[in-house]
Amino acid sequence: MKKSKDDEIILSYNDVVLRRSDLGILNGPHFLNDRLIEFYFSYLPTTHPSPDILLLPPSIPFWIMNCPDIESLQDFVQPINFPDKKLVIFPVNDNDDVSRAEGGSHWSLLVYYRDANKFVHHDSCRGLNAWSAKKLYRAVVGYMGNSDKSSNGMYVECDNSPRQVNGYDCGLYVTAIARAICSWYENCEDKDNDALWFSDVIEQVTPSSVAVMRKEIMGLITTLMVKK
C-alpha cells in the first residue's frame with residue numbers, strides 16, 4: 001500500500017522523527033501532538049545546555065503514570081537517574097489509555113525543583129489536568145532522590161499560571177513555560193525557593209508570545225530540514 005504524503009518523514013532529530021503531517025499541525029490552529037512536544041524538548045538543551053536540567057519526552061511520564069506494576073516501574077525509572085538532576089520537566093497528558101497512541105485532549109506541565117523539593121503543576125486551562133498531574137506526582141515522587149526528604153517532595157498547583165485563550169494551544173503553553181523555566185534556572189543567580197520561576201513565566205508566556213511560538217517551531221523545523 002502506498003503511503004500518504006502526510007506520512008512522509010521530513011526530519012530525524014536526535015531520537016525524534018517528524019512527518020509532513022506535523023507541519024500541518026503547526027500551520028493550523030491545532031492541538032500539538034507528542035512528536036512536536038518531544039522535538040521541542042529535545043531541542044531546548046541546545047539553547048539551555050545545563051547538565052542539571054532534564055526535559056522528558058511525553059512517552060516517559062505517560063508510562064510512569066500508567067505502568068501496571070511497581071517492579072516494572074522501578075526497572076523503567078532507574079536508568080533515567082532522577083537523583084542526578086536539579087530540575088526535571090514532565091509534560092503531562094490526560095490520556096490514561098495505554099492502547100491509544102497519542103490520545104488525550106489536554107497538555108500541562110509538572111516541574112520538579114530539587115532545591116525547593118517541590119513539584120509545581122502549570123496548567124493553562126485552570127487545573128483541567130490536575131488529576132493527571134497528581135497521578136504522575138504520586139507515581140514518581142518516590143524515585144526523585146536517595147533520601148527520605150527528596151522522595152517526599154511537595155505538590156503545588158500554580159494558580160496564576162498563564163491561561164490559554166482558545167481550545168488548542170495547551171501544548172504550546174507547555175513548550176513556552178518549559179523554555180521560560182529553563183531560562184530562569186540558567187540566568188537567575190538568586191533563586192527564591194518560594195517565588196521560584198513564577199514571575200518569569202508570567203512575564204514571558206502570554207497569548208501573543210505563544211502565538212508566535214507556533215511559527216518559531218515551524219521555522220526551527222524547516223531550518224533543520226535544510227541543514228540535514
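On a predicted model such as this, the values are computed, not experimentally measured, just so you know.
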Minimum heavy-atom distance between [X] and [Y], given as atom pair plus value:
X: I25; Y: F31; value: CG2-O, 3.5 Å
X: Y173; Y: P207; value: OH-CA, 3.6 Å
X: P57; Y: P91; value: C-CG, 4.1 Å
X: Y155; Y: A130; value: OH-O, 4.0 Å
X: R163; Y: G127; value: NH1-N, 4.4 Å
X: S124; Y: Q164; value: OG-OE1, 2.6 Å

Give a yes or no on whether the backbone of [Y] and the side-chain of [X] come within a donor-acceptor separation of less than 3.5 Å.
X: R114; Y: K85; result: yes
X: S209; Y: Q204; result: yes
X: D192; Y: A195; result: yes
X: D200; Y: A180; result: no
X: W107; Y: L32; result: yes
X: E157; Y: D159; result: no
X: S183; Y: R179; result: no

Atom pair [atom1] ([X]) and [atom2] ([Y]), whose distance is rounded to the nearest 0.5 Å:
X: I9; Y: R19; atom1: CD1; atom2: CZ; result: 4.5 Å
X: M144; Y: N117; atom1: CE; atom2: CG; result: 9.0 Å
X: S108; Y: F90; atom1: OG; atom2: CZ; result: 12.5 Å
X: L224; Y: F39; atom1: CG; atom2: CZ; result: 5.0 Å
X: L23; Y: I221; atom1: CG; atom2: CD1; result: 6.0 Å
X: L36; Y: L18; atom1: CG; atom2: CG; result: 6.0 Å

Side chains of [X] and [Y]: does their closest heavy-atom pair fall under 4.5 Å?
X: P49; Y: E186; result: yes
X: F41; Y: V16; result: no
X: V92; Y: P61; result: no
X: P162; Y: V210; result: no

(Q) As a quick check of understanding, evaluate side chain to side chain contact (heavy atoms under 4.5 Å, CB included) for F82 and L54, giving each step before the final call. (A) CA-CA 8 Å; F82 286 129; L54 177 61; 4.0 Å; yes
Run the side chain to side chain contact (heavy atoms under 4.5 Å, CB included) test on I60 and F76 for me, step by step, so that the C-alpha distance in whole Å, both residues' side-chain angles and the decisive distance to 0.1 Å come before the verdict. CA-CA 9 Å; I60 290 180; F76 179 76; 4.0 Å; yes
Hey, are K118 and D194 close enough for a salt bridge, meaning a charged N less than 4.0 Å from a carboxylate O?
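Here K118 pairs with D194 in a salt bridge, since their nearest N and O are under 4.0 Å apart.
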Point to revise | Presence of salt bridge, R214 and D169, under 4.0 angstrom | key: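 Looking at D169 and R214, the cut-off is met.
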[X] atom [atom1]: more than 12 heavy-atom contacts under 6.0 Å:
X: K191; atom1: NZ; answer: yes
X: M225; atom1: CE; answer: yes
X: R126; atom1: CZ; answer: no
X: N187; atom1: CG; answer: yes

May I have the list of side-chain donor-acceptor pairs in residues 131-141 shorter than 3.5 Å, sequence neighbours left out?
from: K135; atom 1: NZ; to: N66; atom 2: OD1; distance (Å): 3.0
from: Y137; atom 1: OH; to: G153; atom 2: O; distance (Å): 2.6

Assess whether side chain to side chain contact (heavy atoms under 4.5 Å, CB included) is satisfied between S42 and Y13, documenting all intermediate values. CA-CA 8 Å; S42 182; Y13 183 81; 3.7 Å; yes
- Task: Mind telling me whether W197 and H122 have parallel, tilted or perpendicular rings, with 30° and 60° as the class edges?
- Result: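 Ring orientation of H122 relative to W197: tilted.
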How are the rings of Y113 and W184 set to each other: parallel, tilted or perpendicular (split at 30° and 60°)?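 Correct class here is perpendicular.
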Exercise for the section: Applying side chain to side chain contact (heavy atoms under 4.5 Å, CB included) between S161 and each of V205, D123, I177, report the one that passes. Expected result: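 It is I177; the other options fail the test.
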### Task
Using side chain to side chain contact (heavy atoms under 4.5 Å, CB included) as the criterion, point out the one residue from L55, D52, D115, I181 that pairs with L87.
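Exactly one pass, corresponding to I181.
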Evaluate the side chain to side chain contact (heavy atoms under 4.5 Å, CB included) criterion for residues C158 and N160: first the C-alpha distance (whole Å), next the side-chain angles of each, then the deciding distance (0.1 Å), finally the verdict. CA-CA 6 Å; C158 183; N160 64 343; 3.2 Å; yes
Cluster link V165 to L172, ILVMFWY, side chain under 4.5 Å =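 No, it is not one cluster - the side chains of V165 and L172 are not joined through contacts under 4.5 Å.
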